[in-house]
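Bear in mind that the values here come from a model prediction, so they are computed numbers and not experimental data. Numbers restart at 1 for each chain; the letters A, B, ... are given by sequence-line order, proteins then strands.
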Amino acid sequence: MELSKNFEPQSIDHKWYSHWLNKAYFKSTPDDRTPYTIVMPPPNVTGVLHMGHCLNNTIQDILIRRARMMGYNTCWVPGTDHASIATEAKVVAMLRERGITKSSLSRDEFLSYAWEWKEKYGGIILQQLKKLGCSLDWDRTTFTMDKDYYDSVIKVFVDLYQKGVIYRGKRMINWDVKALTALSDEEVIRKETKQKLYHLKYTVEGSDSPIIVATVRPETIMGDSAICVHPEDERYKHLHGKFAFVPLINRRIPIITDEYVTMEFGTGALKVTPAHDVNDYALGEKHQLEVIDVFNDNGTLSEAAQIYVGMDRFEVRKKIAVELEEKGFLLKTEEYTSEVGYSERTDVVVEPRLSLQWWLSMKDIATPALKTVMEEEIKFYPPKFKNVYRHWMENIKDWCISRQLWWGHRIPAWYDNEGRFVVAENEFEAKKLFESQYGISNASLKQDEDCLDTWFSSWLWPFEVFKGLSNPNNADVNYYYPTNTLVTAPDIIFFWVARMIMAGLEYKKEIPFKEVYFTGTVRDKLGRKMSKSLGNSPDLLGLIDQYGADATRFGIMIASPAGNDILFDEAALEQGRNFNNKIWNALKLIKMWEGRISSDIVNDNLFAIKWFEIRLAEVSLEVDSMMQQFRLSEALKTIYSLIWDDFCSWYLEWIKPGFEQPINSEVYNKTIGFFTDLMQLLHPFMPFVTEEMYHQLTERKDDLCTKLYEIKAAPDNTVLQIGSLLKDTISGLRDVRNKQQVKPKETIKLFIQTENQSTYQEIENILSKQVNTSEIGYTQETVAGSFTTVIGKDKFYVVTEQPIDTGNQKAGLEKELNHLIGFLSSVEKKLNNEKFVQNAKPEVIALEQKKKSDAESKIKVIEDALALLG
RNA sequence: GGGAGCAUAGCUCAGUUGGUUUAGAGCAUCUGCCUUACAAGCAGAGGGUCCGCGGUUCGAGCCCGUGUGCUCCCA
C-alpha cells in the first residue's frame with residue numbers, strides 16, 4: 001500500500017475510536033486486579049467543550065490510559081451536572097423565543113420544558129470528548145438529576161437536617177436580581193469597578209450646619225436608618241445623640257457612634273442601610289436599627305422607597321444624583337474604584353439582601369476535611385494549594401444551599417398554612433411527622449418552592465456515580481471507592497473539592513480520592529484569560545478538525561506544567577502536527593525496507609541496537625518517575641525528544657542501509673520492536689497516531705490501547721557514555737565540514753589521536769557513515785595538511801581532497817582554550833581553598849579533582865594543536 | 001486591608017535536601033542544504049549581570065532579609 005505524504009488524522013481518529021468502543025476497552029467491571037479510578041469533574045449540561053475542558057480531560061485520559069497499560073482495572077466515569085442557574089436561564093431563553101413566559105407556567109410544565117432542553121443539548125459536551133479520544137466508560141454516564149442520584153441528594157438533606165447541620169434562617173445573602181435567586185459567596189465574582197463617591201448633605205435637627213456623608217449608592221438613602229461616626233472623631237463629637245434627616249424623603253434618623261467607622265475614609269460619616277449592605281446589617285443589629293428594604297427582588301425600587309418606585313436601581317442612581325444636586329443636597333462627586341460583586345452566572349451586580357434561606361453549618365463538617373489534606377492523606381499537586389485550602393477551611397462560613405429556582409433538587413421541607421414545617425423525604429413521611437410533631441393529622445402541606453445549590457448534589461459525585469448512597473455497599477462502590485486521582489481546576493477548590501472531601505468523610509467514612517491534581521488556567525498567548533467578551537477562545541472542534549486530536553492534545557500538554565497557567569498558542573498545535581508527520585515519515589522509511597530484509601548479510605549495527613535499547617530503557621524509567629510526580633508536560637517533552645532526536649535523527653540514520661541496499665533481519669526486527677515500544681510510551685498522550693503506527697508496523701491481533709508495559713532493565717551507563725561520545729564526535733566533525741564548506745557528498749579522511757582507540761573502533765562504522773569518510777585512521781602524531789579539531793579529550797585531523805582553509809581553526813581552538821582556562825581556574829580556586837577542602841563532602845572534592853584533571857588534559861591537547869599551528 | 005505564588009535566552013519553561021562542568025530544553029532567529037522517510041524537513045550556529053540590593057556559606061539560580069514588577073485568592 002502506498003503511504004500518503006503526510007499523516008492524515010481525520011479518518012484515522014474516527015476509525016480507532018470506534019474500534020476501541022467496539023472492543024469495549026474502556027468498560028470496567030470489578031475483578032481481581034487493582035482498580036484505578038477517576039471521576040470526571042462533571043461539566044455543566046449547558047457547556048460546550050472549551051480549552052479548560054480540553055486540558056483537564058486530556059490529563060485524565062493520559063493518566064487513565066497509562067494506568068490501563070500498567071495493568072490496573074481502569075475506570076473513568078463521565079457525566080454532567082444539572083447546573084441550576086445556567087440551565088434555568090437557557091430554558092427561560094428558549095421559552096422566550098417561543099413566546100412563553102416562565103410565570104405563565106406551572107412548576108411541572110416548566111420542568112418538562114427543562115428536561116426537553118436537557119435531552120436535546122445536555123449531552124453535546126460528552127460527545128465532543130469522544131473526538132478528543134477520551135477513554136471513558138460510557139455505560140457509567142451519570143447525571144446529577146438521575147432518579148437515584150436525586151433521591152440520594154434529598155436523603156442527604158434530610159439526614160443533615162436531622163443531625164442539626166442544616167437549618168433555616170434569615171440572613172444577609174447575595175441576591176442575583178436577574179436570576180432571582182440567592183447565590184453563595186463563592187458564586188460572586190469581585191471585580192474592580194469604577195464608581196463615583198457622592199458627598200451628600202444631611203440636615204441635622206436643631207443645627208444650621210449639615211453632616212456630610214459619602215456614599216457610592218445614593219439610590220439606597222431611602223433605606224437609611226442611621227448615620228454612624230467614630231466615637232473619637234473630633235469633627236462630629238458635638239453631634240452625638242442628635243438626629244439627621246434623609247434628603248428628599250426627610251425621614252428622621254439617629255446619629256450613632258461606632259468604632260467600626262474608618263475616620264479617614266470619605267468624610268468619616270457613614271450612612272447605615274441595614275437592608276442593603278452586609279456590614280450595615282451587622283451595625284444595625286448591634287444598634288437595633290430599623291431595617292428598610294427599598295428594593296424589589298428584580299432590583300427595582302419598592303414601595304418602601306417612597307420615590308422612584310418601580311424604577312431600576314442603576315437608573316435611580318443616575319436620576320437621584322441629578323435631583324439631589326438640583327435640590328442642593330449633593331456637595332460633590334469624586335471618582336472612586338472599588339471591588340463590586342457580580343453574579344458568576346448572569347454577570348449582574350449582586351445585591352446584598354436579607355432573606356430567609358436554608359443553610360449548612362460548616363464548622364464541624366470542615367474540621368476532619370481539613371485534617372485529611374494537611375496530613376496528606378489526600379495529596380495535592382502542586383502542594384502549594386494546601387495553603388489555599390487551609391485558609392478557606394479555617395475561616396469557613398455557613399453555606400447558603402437554597403436557590404430560588406425550579407430546575408434542581410427541590411428542598412424537601414413541607415409547610416402548613418401557619419408556616420410550621422417539617423423536613424422529610426416525601427409528602428407521606430412529612431404528614432406522619434406533622435402528626436407526631438404538631439399533633440395535626442392529615443395536614444394540608446405545601447412543599448418548599450426552592451431547590452438546592454448545584455454543588456449540594458455534585459459533592460456526592462465520587463461515590464454516588466457508583467450508587468454508593470442509593471444502594472449502599474454495592475460491589476461497584478466497594479471496589480472503585482475511594483477513587484485515585486481527581487483532576488480539576490483550582491478555582492473550584494472550595495465549591496467542589498473541599499465539599500466532596502466533607503461529603504466523602506461524612507457518608508463513606510473515607511476520603512473520596514487519594515490525590516488531587518490541579519491544572520492551570522488556560523490563557524491566550526498574551527496571558528489573558530479566555531473569555532467570550534474578548535473573543536480569544538479558539539474553536540476547539542475546529543482545531544481538532546484542522547490538526548487532529550493527537551496534535552491538539554500535544555499542543556495543550558507540551559506547555560502545561562503542573563499548577564501553572566498555560567499560555568495557549570496555536571503554534572504548539574503545529575508542533576504536534578509536525579510531530580505526527582515525523583512519526584509517519586519514520587514509518588515510511590521502515591516500510592521501504594520491507595522487501596529487502598535479509599538474514600544473510602552481516603549485522604554491522606550491533607552498537608546502534610545496543611545503544612538504543614539502553615537509551616529506551618533509560619528514558620522509560622525517567623518517564624515513570626515524572627508521571628508519578630505528575631510532571632506530564634516534562635514526560636511528553638522527554639518522549640518527544642527520544643523519538644525525534646534519539647530514534648529518528650540518530651538511530652535510524654545509523655542503521656539506515658544505503659540506497660536500495662538490503663537490511664539485516666535482526667536489525668529490522670529490533671527496529672520494529674523499538675518503534676513499537678516508542679509508540680507505547682507515547683500512546684497515553686497521543687492515542688490515535690500511536691495505535692495506527694502499531695498496526696502499520698506489522699500484522700497484529702491485539703491493540704496498543706490495552707497492551708501491557710514491559711518492565712525495562714536498568715540501563716548500562718558505559719554504553720550510554722559511548723553513545724554520547726559518538727554523537728559529540730559526529731556533531732563536532734559535521735561542524736568542521738559545515739564551517740569549511742565541505743560538500744556533503746565529498747568524502748574526508750579522518751585521523752584520530754586518542755588514548756581510547758578501542759572505543760572508537762566499536763563505533764567506527766557509524767562514524768564513517770555519518771561524517772562520510774573514505775578512511776579512518778589512528779595516529780599519535782600530527783597529520784600534515786589537515787584541519788585539526790579537538791572534541792572532548794581527543795584530537796581529530798580532517799583531510800579533504802580540496803585543500804581547506806585552516807585560517808580560522810586557530811581562532812576556534814583559542815576560544816575553546818580560553819573557556820577551559822577560565823573553567824580550570826574556577827575549579828582550582830575551590831581546591832586551593834582550605835575551607836572548601838575541610839568542609840565539602842569527599843565525593844564533591846573528588847568530583848572537583850576530576851574536573852580539574854579533565855580540564856588540564858583538554859587544555860594540553862589544545863595547546864599542542866595550537867603549538868603546531870604556530 | 002490580609003494572604004499566597006511567580007520573576008532564569010526574543011517567547012514558554014526545566015533546573016529534585018546549596019557543589020554535575022563560568023546555567024539546560026522546546027519554539028523563534030541566523031547560516032548552509034530541495035542529501036531517495038520527512039523543506040510541516042536535514043545539518044550546524046548564535047543567544048543569559050539567573051529582576052535590583054544586602055546577607056548566610058569554603059561555595060548561592062537554589063537559603064535568609066529587603067526593594068521592585070506581575071498574577072491569583074480572601075475581606
Side-chain angles (χ1 to χ4, degrees), chain A residues 3 5-7 185-186 190 262 278-279 339 382 384-392 395 490-491 493-494 520-521 523 525 527 529 547 551 558-561 563-569 571-572 574-593 625-626 629 631 633-634 636-638 640-641 644-645 648-649 652-653 656 658-660 730-739 741-745 770-772 818-827 829-841 843-845 847-848 850-852 854-855 858:
Chain A
L3 293 175
K5 181 165 160 31
N6 286 323
F7 180 66
D185 288 346
E186 287 73 26
R190 281 165 201 285
T262 311
V278 182
N279 297 313
E339 300 221 306
K384 66 179 177 188
F385 288 109
K386 274 171 74 178
N387 280 334
V388 180
Y389 181 81
R390 189 185 60 209
H391 188 259
W392 189 74
N395 297 286
D491 49 344
I493 185 169
F494 312 133
T521 306
R523 296 165 181 276
K525 63 178 169 184
K529 269 191 181 171
Y547 293 97
I558 196 69
S560 78
N564 278 2
D565 287 353
I566 79 161
L567 303 191
F568 178 78
D569 188 347
E574 269 175 52
Q575 201 188 339
R577 178 197 59 190
N578 296 351
F579 186 33
N580 275 337
N581 282 333
K582 189 69 187 179
I583 293 168
W584 184 249
N585 278 297
L587 173 79
K588 276 164 68 182
L589 175 66
I590 290 169
K591 283 280 169 189
M592 288 173 59
W593 303 335
S625 130
M626 288 170 187
Q629 301 167 67
R631 302 165 81 141
S633 166
E634 270 179 83
L636 177 56
K637 275 180 197 166
T638 305
Y640 173 82
S641 160
W644 198 304
D645 301 329
C648 293
S649 297
L652 287 180
E653 294 296 335
K656 189 167 154 181
F659 185 53
E660 294 189 341
I730 294 169
S731 293
L733 292 169
R734 277 175 177 166
D735 188 30
V736 170
R737 294 187 67 116
N738 218 355
K739 291 210 169 111
Q741 311 218 327
V742 181
K743 297 228 159 54
K745 283 187 176 156
Q770 295 294 285
V771 297
N772 196 17
N818 284 334
H819 177 263
L820 283 166
I821 288 171
F823 174 66
L824 180 64
S825 83
S826 80
V827 175
K829 225 162 93 186
K830 269 190 216 176
L831 286 168
N832 292 338
N833 184 326
E834 266 181 48
K835 288 190 173 169
F836 170 74
V837 181
Q838 277 165 20
N839 294 321
K841 282 181 270 181
E843 56 267 33
V844 172
I845 295 170
L847 189 76
E848 292 299 320
K850 183 168 185 309
K851 282 191 211 170
K852 184 183 172 199
D854 281 0
K858 283 181 191 173

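- Using P as the reference atom, B/A43 and B/G5 are 43 Å apart when rounded to the nearest Å.
- Remark: side-chain polar atoms of A/Lys588 are paired, donor with acceptor, to backbone N or O of A/Lys5 under 3.5 angstrom.
- Going from atom CG of A/Leu3 over to atom P of B/U36 covers 19 Å, rounded to whole Å.
- If you measure from atom CG of A/Asp569 to atom C1' of B/G26, you get 13 Å, rounded to the nearest angstrom.
- Between the A/Ser641 side chain and the A/Lys637 main chain, no donor and acceptor come within less than 3.5 Å of each other.
- Salt bridge annotation for A/Lys858-A/Asp854: absent, with no cationic side-chain nitrogen under 4.0 angstrom from a carboxylate oxygen.
- The CD atom of A/Gln629 sits 12 Å away from the P atom of B/U17 (whole-angstrom rounding).
- Among the atoms of the strands shown, base atoms are found under 4.0 Å from some heavy atom of A/Asn818.
- Considering only side-chain atoms of A/Asn6, the nucleotide from B/A40, B/G15, B/C58 that sits closest is B/A40.
- With B/U20, B/C38, B/U21 as the choices, the nucleotide that has an atom nearest any side-chain atom of A/Phe823 turns out to be B/U21.
- The nearest whole Å value for the distance from the CG atom in A/Asn395 to the C1' atom in B/G1 is 15 Å.
- The base of B/A37 is not paired with the side chain of A/Asn585 by any donor and acceptor separated by under 3.5 Å.
- For A/Lys384 and B/U71, the shortest distance from a side-chain N or O to OP1 or OP2 is not below 4.0 Å.
- At B/G59, none of the side-chain N or O atoms of A/Lys835 fall inside 4.0 Å of OP1 or OP2 (strictly under the cut-off).
- Distance from the side chain of A/Asn581 is smallest to B/A40 among B/C42, B/C58, B/A40.
- Rounded to whole Å, the separation between the C1' atoms of B/G54 and B/G1 comes to 29 Å.
- With hydrogens and angles ignored, the 3.5 Å screen pairs no side-chain donor or acceptor of A/Asn581 with any backbone N or O of A/Asn6.
- Here the side chain of A/Asp735 is nearest to one of B/A45, B/G41, B/A37, namely B/A45.
- Scanning atom types as modelled, one donor and one acceptor separated by under 3.5 angstrom connect the side chain of A/Lys582 and the base of B/C38.
- Phosphate proximity of B/A40 to A/Arg577: absent, as no side-chain N or O sits under 4.0 Å from OP1 or OP2.
- For A/Ser731, a side-chain nitrogen or oxygen approaches OP1 or OP2 of B/G44 to under 4.0 Å.
- With contacts defined as side-chain heavy-atom distances shorter than 4.5 Å, the pair A/Phe836/A/Glu848 qualifies.
- Rounded to a whole angstrom, the distance from the P atom of B/C11 to that of B/G48 is 13 Å.
- The distance between atom NZ of A/Lys841 and atom C1' of B/U20, rounded to the nearest whole Å, is 12 Å.
- Remark: the backbone N or O of A/Lys835 is paired with a side-chain donor or acceptor of A/Asn839 at under 3.5 angstrom.
- Between A/Trp392 and A/Ser649, the residue whose closest nucleotide on RNA chain B is further toward the 5' end is A/Ser649.
- Put simply, A/Tyr389 has no side-chain N or O that comes within less than 4.0 Å of OP1 or OP2 on B/C74.
- The base of B/A37 sits within donor-acceptor range of the side chain of A/Glu653, with an N or O pair under 3.5 Å.
- Using a 4.0 Å heavy-atom criterion, one finds that A/Phe579 contacts no nucleic acid atom at all.
- Side-chain N/O atoms of A/Lys656 include one lying less than 4.0 angstrom from OP1 or OP2 on B/A37.
- Remark: the separation of the P atoms in B/G10 and B/G67 is 28 Å, to the nearest Å.
- Taking atom P in both B/U22 and B/G41, the straight-line distance is 33 Å, to the nearest Å.
- Residue A/Phe836 places its side chain closer to B/G19 than to any other of B/G19, B/U22, B/G44.
- Side-chain proximity of A/Met592 to B/A40, B/A43, B/A37: nearest is B/A37.
- Between A/Tyr640 and A/Trp644, the ring-plane angle classifies as tilted under the 30° and 60° cut-offs.
- When distances are taken from the side chain of A/Lys851 to each of B/G26, B/G41, B/U20, the shortest belongs to B/U20.
- For the C1' atom pair drawn from B/A40 and B/C27, the interatomic distance equals 14 Å after rounding to whole Å.
- Taking atom P in both B/U20 and B/G59, the straight-line distance is 15 Å, to the nearest Å.
- The shortest side-chain heavy-atom distance between A/Ile493 and A/Trp392 does not fall under the 4.5 Å cut-off.
- For A/Lys386 and B/G5, the NZ to P distance is 13 Å, given to the nearest whole Å.
- Look at the C1' atom in both B/U8 and B/G3: the space between them is 26 Å, to the nearest Å.
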Please determine whether side-chain hydrogen bond (donor to acceptor under 3.5 Å, both in side chains) holds for the pair A/Glu634 and A/Thr638, giving the CA-CA distance in whole Å, both sets of side-chain angles, and the decisive distance to 0.1 Å. CA-CA 6 Å; A/Glu634 270 179 83; A/Thr638 305; over 6 Å; no

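- A/Asn833 has its CG atom 9 Å from the P atom of B/C58, to the nearest Å.
- The phosphate of B/U35 has neither OP1 nor OP2 within less than 4.0 Å of any side-chain N or O from A/Arg737.
- The two atoms that bring A/Asn772 and A/Pro744 nearest to each other are ND2-O, 2.9 Å, heavy atoms only.
- Nearest to the side-chain atoms of A/Val844 among the listed nucleotides B/G26, B/G41, B/G19 stands B/G19.
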Given the rule that a pair is Watson-Crick or G-U wobble with both distances under 3.5 Å, how would you write RNA chain B in dot-bracket, using | for pairs to a different strand? (((((((..((((.....[....)))).(((((.......))))).....(((((..]....)))))))))))).

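- Of all nucleotides listed (B/C38, B/U71, B/A43), B/U71 comes nearest to the side chain of A/Arg523.
- Using a 4.0 Å heavy-atom distance criterion, A/Ala840 is classed as a base contact.
- For A/Ile566 and B/C11, the CD1 to P distance is 19 Å, given to the nearest whole Å.
- Comparing A/Phe659 and A/Val837, the nucleotide of RNA chain B nearest to each residue sits closer to the 5' end for A/Phe659.
- Between A/Arg523 and A/Phe568, every side-chain heavy-atom pair lies at or beyond the 4.5 Å cut-off.
- Of the side-chain N and O atoms in A/Trp584, none sit less than 4.0 angstrom from OP1 or OP2 of B/G41.
- Nearest to the side-chain atoms of A/Lys5 among the listed nucleotides B/G19, B/A39, B/C13 stands B/A39.
- Among the atoms of the strands shown, only primed sugar atoms or phosphate atoms (P, OP1, OP2) are found under 4.0 Å from some heavy atom of A/Trp644.
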